Amino acid sequence: MKILHTSDWHIGHTLYAKKRNDEHEKFLCWLREQIAEREADALIVSGDVFDTGVPGGAAQRLYYDFLTSVLGTCCRTVVIIAGNHDSPGLLEAPAGVLERLSIHIIGLPSAPERHVIAMRGKDGEVGALCCAVPYLRKNEMVRIEDDAVTSDEKIAMATAKFYSDVTQAAISAGEKLPIIATGHLFVTGAMRHDGDGVRDLYVGNLGQVGADIFPKELSYVALGHIHSEQCAGGEEHIRYSGSPLPMSFGEIGKDKFVLEIDTDDGMRIGKITVPVFQQLRAIRGDHETIMRALKGIADDDVWVEVTYTGDGICPGLSADIHTIVKDGKAEVLSIRNNAVLKRILASSGGGETLESMKVQDVFIKCIENNTFEDKHKRELIDCFDEIVAALEGGQSCG
Ligand SMILES: [Mn+2]
């Protein structure tokens with residue numbers, strides 16, 4: 001059997017204020033072509049289908065149009081799990097209808113056997129089993145009454161137990177078939193980079209687990225949550241497909257993939273490079289550098305992020321930038337003036353520069369310069385983290 005693994009579509013995502021529906025439409029059209037050309041038997045989407053728990057009509061339309069288009073291909077099974085950005089309820093609402101079409105939606109954890117999905121090959125026979133495990137929220141997990149372990153350890157133990165139970169259910173359902181699991185979580189050691197839009201700051205939600213929580217009977221683990229393609233815990237068969245679109249300007253130049261797993265060829269894993277559907281460009285420098293770079297790309301169909309790093313405050317920066325690009329195709333989505341922020345930092349003392357600090361550190365510095373009680377400081381920092389997470393996701397928490 002040939003299975004395609006993808007995740008973190010984030011349909012409905014915006015880059016600054018720019019909607020990305022065109023890119024998603026192109027990606028889904030391309031994905032459908034890949035399914036047909038490669039004669040894939042199954043498709044697994046490992047969470048974060050939508051960017052928010054309340055996706056708009058256009059975003060949902062893209063999703064359902066895609067599912068409809070897949071029905072006309074050789075792909076006989078589609079498995080979709082909810083990620084931390086998805087509303088499990090919204091995703092599962094049409095599950096009954098979609099199941100009739102062999103499109104399986106798993107939003108919430110339930111009885112282990114309900115997570116086992118048969119995937120059929122071209123001959124119509126079951127060729128592999130999928131243990132479809134969605135993003136697991138702490139409050140949905142088994143309570144472990146043991147004060148000797150921390151809350152994070154309890155979540156990791158409950159997660160491991162859930163994977164073990166579902167894998168056992170698969171083993172009893174069909175002997176000797178390859179078993180493929182899904183997951184939407186952070187496996188220890190996974191690589192991230194700034195601004196990749198991955199929320200890992202959720203208070204009261206799943207933190208991280210070791211790759212050793214996945215039972216050894218699993219032939220492949222199709223993971224979502226991390227936006228760059230990589231294997232987890234050094235295991236080739238435990239993999240993140242990564243998001244198909246760059247989630248921020250920080251990901252410029254990084255290849256994006258959909259993974260192809262062949263169960264008949266020793267679980268061979270192939271990487272299919274996703275085309276770039278929208279050119280992005282980040283420009284940093286002083287006034288002259290920025291103007292020169294913008295002049296060079298003004299007529300290109302490109303979205304630009306500008307960061308001014310010169311010494312002067314440069315009050316006319318925005319106006320100058322808009323004059324240069326106003327008649328071209330290039331669109332400047334963001335202008336950040338670091339000089340203004342540098343001044344604020346300098347006035348608060350200390351030798352830090354903005355470049356060397358994380359967003360959260362800057363906020364903590366502001367908090368420290370005020371007289372708050374400790375417990376209020378903690379609350380404010382938590383709230384701030386939540387806002388940052390929401391902004392990185394492009395929407396409010398959901
Ligand atoms: Mn994601």
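This is a predicted model, so every value here is computed, not measured. Each ligand, and each atom within it, is numbered from 1 in the order the structure gives. Position 1 is the first residue of the sequence; numbering continues from there.
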Within 2.8 Å of the Mn ion (ligand 1), is there any N, O or S atom belonging to His85? no
Flag for Asp48-His184: side-chain donor and acceptor within less than 3.5 Å: yes
Decide whether a cation-pi geometry holds between Lys26 and Phe277; the criteria are a distance under 6.0 Å from NZ or CZ to the six-membered ring centre and an angle within 45° of the ring axis. no
Give a rough value, rounded to 10 degrees, for the angle at the Mn ion (ligand 1) between atoms NE2 of His10 and OD2 of Asp8. 110°
Whether the Thr68 and Asp65 side chains hold a donor-acceptor pair (N or O, under 3.5 Å, no angle test) is what I'd like checked. no
Is it the case that more than 12 heavy atoms not belonging to Arg114 sit under 6.0 Å from its CZ atom? no
Please find the N/O/S atom of Asp48 nearest to the Mn ion (ligand 1) and write down its name. OD2
Name, closest N/O/S atom of His227 to the Mn ion (ligand 1): NE2
Indicate if Ile269 and Val274 have the same hydrophobic cluster label, given that clusters are the connected sets of ILVMFWY residues with side-chain heavy-atom separations under 4.5 angstrom. no
Within the stated cut-off of 2.8 Å, is an N/O/S atom of His225 closer than that to the Mn ion (ligand 1)? no
